[in-house]
*Asks:* 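Sharing a structure below in structure tokens format, with a few things to ask.
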Amino acid sequence: MNRYCRIISCISIAILTVILLSTGAVLCYSRYHYRTGIIYLKTGQPEESYDSLKRSLGVFNWLKRFGYPLGRDLFRVRSALGEALYSCGKKQQSVDGYIAKLREGSMHLHDAYAYDQRNYRTVYWLAKTEAVLEAIWNTQKHDNRSNPFDGQYYFEEALTLLPTGFSARYNLIIYLYHKGEMAVLAEQVQKLVRYSPAAFKHVVNKPFFTNDTREKAIDGLVMAYENRVQPRTALVYLSQMAGEEGDYEKAASYYGEAVSYSIWLNSSNTFYHLGMLQLNASNFEAGNKAFAEALRRSSDFDGSLQRIYQLYKKQNKFDEFIEFTSFVEKELYWTKHLEVSK
């Protein structure tokens, strides 16, 4: 009897081992297709990504029937499927095909969101998908039914999770522009450049960059500087804005302070630009120092000097240029003969 029990026990252990090994192999197989799908997604191949991710999802769903805890795996696959389908939709030849891909992607993203509402990437792609479906819905007739899609809600959810998220905030700005909500848009532009002054280049000169938006952008850049968030970049853009408004004194002041940050970025061109701003503001002494530094750093002294001369010539400030050359002689021990022609 004991021998019989031992045989049954050994057989049971063997069967359990086979099951566990088989399950492990199936999990590896499914995760392999997930990783392959992610690689395709990152390399701009959404259709191939979709195929791999669907294989992975099918296996996970099969394993789920046996009670395996696969919530996190399913979350990752569904989130990636939503992203892949968004890109697949753009390649469709018909509006119906586009909508079908977006709706399928929305379904997967909503399932992923239900599992984890604090994942920025998932919420961001859900916002993008909802925003497009919302816009399409508004172009179609639906017998006065309310729009079931709400891109703004999910963009704001994403920004609650990551206030510095550039992609979510910039796409929210575009979304608000198409909805005509310019006051809210201007506030978002302020926050965008406040958190990342480098993002200013993505909004300046855009159709939504009105005078009100411009003022909010300036406020955001000032806030960024005060909080030492990319201070050099913030000051450079503040200088640019002041220069465009004709306030050369302020433009020179901002740029002069900018060069004191991240000094390893300074070059001959940096000080040439500073000198030009000082010249425009009639700050000749400060301009002399900036231009002299530009010459000192230049690998082409004569060429740089010619560029500087052209600035003075354009403003008919020949006497000031002569004073500058005297300053250079003292500062850089430059004694080369110079012929100045008016």
Side-chain angles (χ1 to χ4, degrees), residues 86 102 106 109-110 113 117-142 144-247 250-251 254 258:
Y86 182 90
L102 288 173
S106 177
L109 287 164
H110 274 289
Y113 178 74
Q117 299 181 7
R118 300 194 60 79
N119 184 279
Y120 169 80
R121 190 178 186 91
T122 299
V123 181
Y124 165 68
W125 282 103
L126 178 55
K128 289 195 70 172
T129 302
E130 287 273 315
V132 176
L133 287 170
E134 179 184 352
I136 294 173
W137 175 280
N138 288 333
T139 65
Q140 299 173 332
K141 294 181 180 180
H142 296 283
N144 295 322
R145 284 181 291 163
S146 60
N147 196 321
F149 306 105
D150 189 351
Q152 184 169 349
Y153 173 81
Y154 292 105
F155 278 128
E156 291 174 351
E157 281 286 292
L159 290 167
T160 299
L161 296 171
L162 185 64
T164 58
F166 167 80
S167 296
R169 198 171 300 280
Y170 183 76
N171 278 277
L172 174 57
I173 288 169
I174 301 300
Y175 169 91
L176 293 168
Y177 173 65
H178 289 300
K179 291 191 72 174
E181 298 182 17
M182 298 304 294
V184 183
L185 181 153
E187 293 292 339
Q188 292 299 327
V189 167
Q190 181 191 75
K191 292 178 180 179
L192 182 74
V193 299
R194 172 189 171 189
Y195 289 122
S196 177
F200 179 80
K201 64 185 177 184
H202 295 287
V203 297
V204 68
N205 298 327
K206 288 293 194 300
F208 55 78
F209 200 70
T210 62
N211 288 334
D212 290 340
T213 306
R214 180 189 182 92
E215 291 304 314
K216 287 294 185 180
I218 291 174
D219 291 344
L221 290 170
V222 170
M223 291 177 190
Y225 166 66
E226 290 175 345
N227 289 286
R228 298 300 183 268
V229 177
Q230 300 175 7
R232 182 184 178 106
T233 303
L235 288 165
V236 166
Y237 283 130
L238 284 169
S239 173
Q240 176 185 319
M241 302 282 271
E244 290 174 358
E245 294 170 357
D247 192 341
K250 186 179 287 186
Y254 279 136

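Keep in mind it's a predicted model, so treat the numbers as computed, not measured.
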*Asks:* Can you see which heavy atom on G151 is nearest to which on E134, and at what distance?
*Replies:* N-OE1, 2.9 Å

*Asks:* Could you pull out all residues at least two apart from T164 that satisfy side chain to side chain contact (heavy atoms under 4.5 Å, CB included)?
*Replies:* L162, Y195

*Asks:* Should we say atom CZ of R121 is surrounded by more than 12 heavy atoms from elsewhere, each under 6.0 Å from it?
*Replies:* no

*Asks:* Determine whether more than 12 heavy atoms belonging to other residues, nucleotides or ligands lie under 6.0 Å from atom CZ of R228.
*Replies:* yes

*Asks:* Under a 3.5 Å distance rule, please check whether T129 uses its side chain to pair with a backbone N or O of W125 as donor and acceptor.
*Replies:* yes

*Asks:* What verdict does the side chain to side chain contact (heavy atoms under 4.5 Å, CB included) test give for L161 and R118, after you've listed the backbone C-alpha separation in whole Å, the side-chain angles of each residue and the deciding distance to 0.1 Å?
*Replies:* CA-CA 7 Å; L161 296 171; R118 300 194 60 79; 3.9 Å; yes

*Asks:* Rounded to the nearest 0.5 Å, what separates atom CG in L109 from atom OH in Y124?
*Replies:* 12.0 Å

*Asks:* Please report the closest heavy-atom contact between A242 and A251, naming both atoms and the distance.
*Replies:* CB-N, 3.7 Å

*Asks:* Provide the closest heavy-atom pair for F200 versus Q240 in the form atom of the first, atom of the second, distance.
*Replies:* CE2-NE2, 4.2 Å

*Asks:* Taking R169 for its side chain and Q188 for its backbone only, find out whether a donor-acceptor pair lies under 3.5 Å.
*Replies:* no

*Asks:* To the nearest 0.5 Å, what is the distance between CD on Q117 and CG on N119?
*Replies:* 11.5 Å

*Asks:* Counting N and O atoms only, with roles assigned by atom type, does the side chain of K179 sit under 3.5 Å from a partner on the main chain of Y175, one being a donor and the other an acceptor?
*Replies:* no

*Asks:* Roughly how far, to the nearest 0.5 Å, is CG of D150 from CD of E157?
*Replies:* 10.0 Å

*Asks:* Measure the OG-CG distance between S167 and L172 for me, rounded to the nearest 0.5 Å.
*Replies:* 12.5 Å

*Asks:* Before you tell me yes or no, could you show the steps for Q152 and E181 under side chain to side chain contact (heavy atoms under 4.5 Å, CB included), namely the whole-Å CA-CA distance, both residues' side-chain angles and the distance that decides it to 0.1 Å?
*Replies:* CA-CA 11 Å; Q152 184 169 349; E181 298 182 17; 3.9 Å; yes

*Asks:* Does NZ in K206 sit with more than 12 non-hydrogen atoms of other residues, nucleotides or ligands closer than 6.0 Å?
*Replies:* yes

*Asks:* List the steps and the verdict of ring-ring contact (aromatic ring centres under 6.0 Å, His included) for Y113 and Y154.
*Replies:* CA-CA 10 Å; Y113 178 74; Y154 292 105; 5.6 Å; yes

*Asks:* Enter the distance from F155:CZ to L126:CG here, rounded to the nearest 0.5 Å.
*Replies:* 9.5 Å

*Asks:* Does some side-chain heavy atom of K128 sit less than 4.5 Å from a side-chain heavy atom of N171?
*Replies:* yes

*Asks:* Could you tell me which non-hydrogen atom of P197 sits nearest to which non-hydrogen atom of Q230, and how far apart they are?
*Replies:* CD-OE1, 3.2 Å

*Asks:* So, do V229 and R194 sit near enough that their side-chain heavy atoms are less than 4.5 Å apart?
*Replies:* no

*Asks:* If you apply the rule side chain to side chain contact (heavy atoms under 4.5 Å, CB included), what do you find for D212 with K216, and how did you get there?
*Replies:* CA-CA 6 Å; D212 290 340; K216 287 294 185 180; 5.9 Å; no

*Asks:* Tell me whether T160 contacts the main-chain N or O of E156 through its side chain, where contact means a donor paired with an acceptor under 3.5 Å.
*Replies:* yes

*Asks:* Of the non-hydrogen atoms in V193 and L221, which two are nearest, and what is the gap between them?
*Replies:* CG2-N, 3.9 Å

*Asks:* Between I136 and F149, is a side chain to side chain contact (heavy atoms under 4.5 Å, CB included) present by the stated rule, with each step listed?
*Replies:* CA-CA 10 Å; I136 294 173; F149 306 105; over 6 Å; no

*Asks:* When you check the side-chain N and O atoms of Y153 and E130, is any donor under 3.5 Å from an acceptor?
*Replies:* no

*Asks:* Which distance, rounded to the nearest 0.5 Å, do you find between the OH of Y177 and the CG of L185?
*Replies:* 9.5 Å

*Asks:* What are the two closest non-hydrogen atoms of S146 and W137, and how far apart are they?
*Replies:* O-CZ2, 3.5 Å

*Asks:* State, with a plain yes or no, whether a side-chain heavy atom of N138 is found less than 4.5 Å away from one of H178.
*Replies:* no

*Asks:* Please check if the side chain of T213 supplies one atom and the backbone of F208 the other of a donor-acceptor pair under 3.5 Å.
*Replies:* yes

